[in-house]
Undergrad: 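This is the structure I want to talk about, given as structure tokens.
Chain A is the first sequence line, chain B the second, and so forth, proteins listed ahead of strands; every chain is numbered from 1.
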Amino acid sequence: MQFKISVRDKESKARAGEFRTDHGTVKTPVFMPVGTAGAVKALHIPELEKDTRAQIILGNTYHLYLRPGLEVIEAAGGLHKFNGWNGPILTDSGGYQVYSLAHKRKLTEEGVVFQSHIDGSRHNFTPERVIDIQRIIGADIIMAFDECTPYPCDYDYAKKSLKITHDWLDRCIKHFGASEAKYGYQQYLFPIVQGSVYKDLRRESAEFIAAKNAAGNAIGGLSVGEPIEMMVKMTEEVCNILPENKPRYLMGVGTPENLLESIALGVDMFDCVMPTRNARHGMLFTSEGIINIKNEKWKNDFSPLDENGHSFVDRFYSKAYLRHLIVSGEMTGAMIASLHNLRFYTWLMEEAREKIIAGDFRHWKDSQVKKISRRI
RNA sequence: GGGGAGAUACCGAAGCGGUCAAACGGGGCAGACUGUAAAUCUGUUGGCUCAGCCUUCGGAGGUUCGAAUCCUCCUCUCCCCA
């Protein structure tokens, strides 16, 4: 995978670039909507494409493996054919589920035995198996199998876990090299830096991963509850070590503010459930700040959702109407809010890119952060 | 006209002598959410000068040390029969 950096910001580590996959080119910085089970919740594929202007979306190995299962996905001809999304897809390896389903799994050096959250059945994930599954799903970018360590996490555990993640990475790389894409287009493997909140472990991990010369590199194990300053510090440490000429992917981040600050540290790719999940729960990220549309104060506010927003729903619907839908539990409310939030995120990334290219990123970022992170 | 059942907080509904400002739902209000076990979860929901006090269980009296709970009358609702 070639990563072309068009412009480097002079006042920060931000860069504007693009990388190519067989399903299309992705311009960075980029936000990737999360479509765990092969669908970005509450949105149609055409809406994702045309209305949110997402460039690339996520799927999840663990979820898709459990349901609908590999037979169905393989019979469909891969996830792209199955769900109709023709752009690039990235699949998470299930490493996050090692963390989020911690009480339903058993981790060994060999791999992880999961108990399905759906029916309790047991399943064995190894680095090799996870690569195979992602080959079958047919994601353009597949993630190495890792352990996303929890927070807090003591040093000894983080160190042991890191060793396992690194061993698993070597096995992933080996198996990836020994296996082939199933559907005639190229797949790329991204390794993941771990190390919890320990600077030396993060550095060690970043160096270990940098040496693999992968198509792109990810930073995992952050935004799991640690203070934001720690997240920023770790991101910064790692970005300074990861290859400059490869895309850097900060997994699971985050708030609009987190995104802009991370771009300034040299991150190119993001994903997060926040814009979609919080949309369903009534939280809207707007050009004027964050609003909880469920609050009583919007009950009779017939002004547009976001006067200066960049999605058609922003001026098509009023705050009072969306409040009514969300409060009433109407599915349409979740759809409108999700579309709005995702478009806000993609717009933010487009704008960041333009500002980097225009040489005005730092200034824009600082004023933007203040504006969009306040509560209204 | 005769017989029966019932009136509890915003709504529904428990409670049937003290541990009741009153269970539980719903609704309301607010909060959380960061590689999605999440269209989920949490808190709160009579008032106040708030570790205490005041006013509340249809209304008015009464019994009792003590009443949402027992008695009397009244008002209103619902059901059955005529």
Side-chain angles (χ1 to χ4, degrees), chain A residues 31-43 56-64 66-67 90-105 114-120 130 134 139 141-151 165 190-194 218-228 230-232 235 249-259 261-262 267 269-283 285 290 292-299 323 325-338 341 345 373 375:
Chain A
F31 178 80
M32 310 180 282
V34 178
T36 306
V40 174
K41 292 186 198 299
L43 293 178
I56 167 171
I57 63 172
L58 257 69
N60 187 285
T61 299
Y62 166 83
H63 293 265
L64 291 167
L66 286 182
R67 222 167 33 187
L90 180 152
T91 40
D92 183 34
S93 61
Y96 187 75
Q97 280 64 45
V98 177
Y99 152 78
S100 69
L101 300 174
H103 60 293
K104 284 186 176 290
R105 53 78 166 161
F114 279 107
Q115 234 180 313
S116 160
H117 68 281
I118 300 164
D119 63 4
V130 161
Q134 293 183 94
I141 298 173
I142 73 185
M143 301 305 299
F145 194 44
D146 65 332
E147 182 191 7
C148 176
T149 49
Y151 181 84
T165 287
F190 280 27
I192 304 170
V193 173
Q194 288 291 344
I219 307 165
L222 294 176
S223 66
V224 288
E226 76 284 3
I228 297 302
M230 277 187 181
M231 180 178 108
V232 171
T235 303
Y249 165 27
L250 181 55
M251 306 183 78
V253 172
T255 64
E257 180 181 356
N258 293 160
L259 263 56
E261 297 297 358
S262 301
V267 176
M269 303 163 66
F270 304 91
D271 80 282
C272 190
V273 303
M274 191 172 275
T276 43
R277 177 186 291 166
N278 287 24
R280 294 193 300 279
H281 299 166
M283 184 187 272
F285 299 97
I290 299 169
N292 182 345
I293 200 67
K294 291 194 289 190
N295 286 176
E296 191 172 25
K297 60 183 166 187
W298 310 117
K299 193 171 185 175
R323 173 181 194 272
L325 294 180
I326 298 270
V327 165
S328 307
E330 287 291 326
M331 289 183 277
T332 309
M335 294 162 68
I336 293 168
S338 298
N341 273 355
Y345 268 62
S373 60
R375 307 266 173 157

Undergrad: Suppose we screen for side-chain hydrogen bond (donor to acceptor under 3.5 Å, both in side chains). Which residues come up paired with A:Tyr345, at least two apart in sequence or across chains?
TA: none

Undergrad: Across the strands shown, which category fits A:Ile228 at heavy-atom distances under 4.0 angstrom: base, sugar-phosphate, nothing?
TA: base

Undergrad: Shorter than 3.5 Å, N or O on both sides, protein versus nucleotides 40-47 of chain B: list them out with atom names.
TA:
none

Undergrad: Both distances below 3.5 Å, Watson-Crick or wobble geometry, any strand: find the nucleotide opposite B:U19.
TA: none

Undergrad: Does any nucleotide pair with B:C41 by Watson-Crick or G-U wobble geometry, both distances under 3.5 Å, and what is it?
TA: B:G31

Undergrad: Across all strands shown, which nucleotide pairs with B:A7 by Watson-Crick or G-U wobble geometry, both distances under 3.5 Å?
TA: B:U75

Undergrad: If B:U49 has a Watson-Crick or G-U wobble mate with both distances under 3.5 Å, name it; if not, just say none.
TA: none

Undergrad: For B:U63, what is the paired nucleotide under Watson-Crick or G-U wobble rules, both distances under 3.5 Å?
TA: none

Undergrad: From the list B:C29, B:U36, B:A37, which nucleotide is the closest neighbour of the side chain of A:Val273?
TA: B:U36

Undergrad: Applying side chain to side chain donor-acceptor pair (under 3.5 Å), which residue pairs with at least one partner in residues 329-338 of chain A are found, sequence neighbours left out?
TA: none

Undergrad: Please check if any side-chain donor atom of A:Asp92 sits under 3.5 Å from a side-chain acceptor atom of A:Tyr62, or the reverse.
TA: no

Undergrad: Residues in salt bridge (Lys or Arg N to Asp or Glu O under 4.0 Å) with A:Glu226, at least two apart?
TA: none

Undergrad: Which residues satisfy the side-chain hydrogen bond (donor to acceptor under 3.5 Å, both in side chains) test with A:Thr91, sequence neighbours excluded?
TA: A:Gln134

Undergrad: Just to confirm, is there a sub-4.0 Å distance from OP1 or OP2 of B:A37 to any side-chain nitrogen or oxygen of A:Ser100?
TA: yes

Undergrad: What do the steps show when you test A:Asn258 against A:Ser223 for side chain to side chain contact (heavy atoms under 4.5 Å, CB included), and what is the final call?
TA: CA-CA 10 Å; A:Asn258 293 160; A:Ser223 66; 6.0 Å; no

Undergrad: With sequence neighbours left out, what residues match A:Arg277 under salt bridge (Lys or Arg N to Asp or Glu O under 4.0 Å)?
TA: none

Undergrad: If pairing requires Watson-Crick or G-U wobble contacts with both distances under 3.5 Å, which nucleotide is the partner of B:G1?
TA: B:C81

Undergrad: Which part of the nucleic acid, if any, lies within contact of A:Asn295, taking any heavy atom under 4.0 Å across all strands shown: a base, the sugar-phosphate backbone alone, or nothing?
TA: sugar-phosphate

Undergrad: Give one of base, sugar-phosphate or nothing for A:Val40, where a contact means two heavy atoms less than 4.0 Å apart.
TA: nothing

Undergrad: Give a yes/no on whether any side-chain N or O of A:Asn60 is located under 4.0 angstrom from OP1 or OP2 of B:G35.
TA: no

Undergrad: B:A37, B:C33, B:G35: which one has an atom nearest the side-chain heavy atoms of A:Asp271?
TA: B:G35

Undergrad: Taking 4.0 Å as the cut-off, does a side-chain nitrogen or oxygen of A:Asn292 come that near to OP1 or OP2 on B:C29?
TA: no

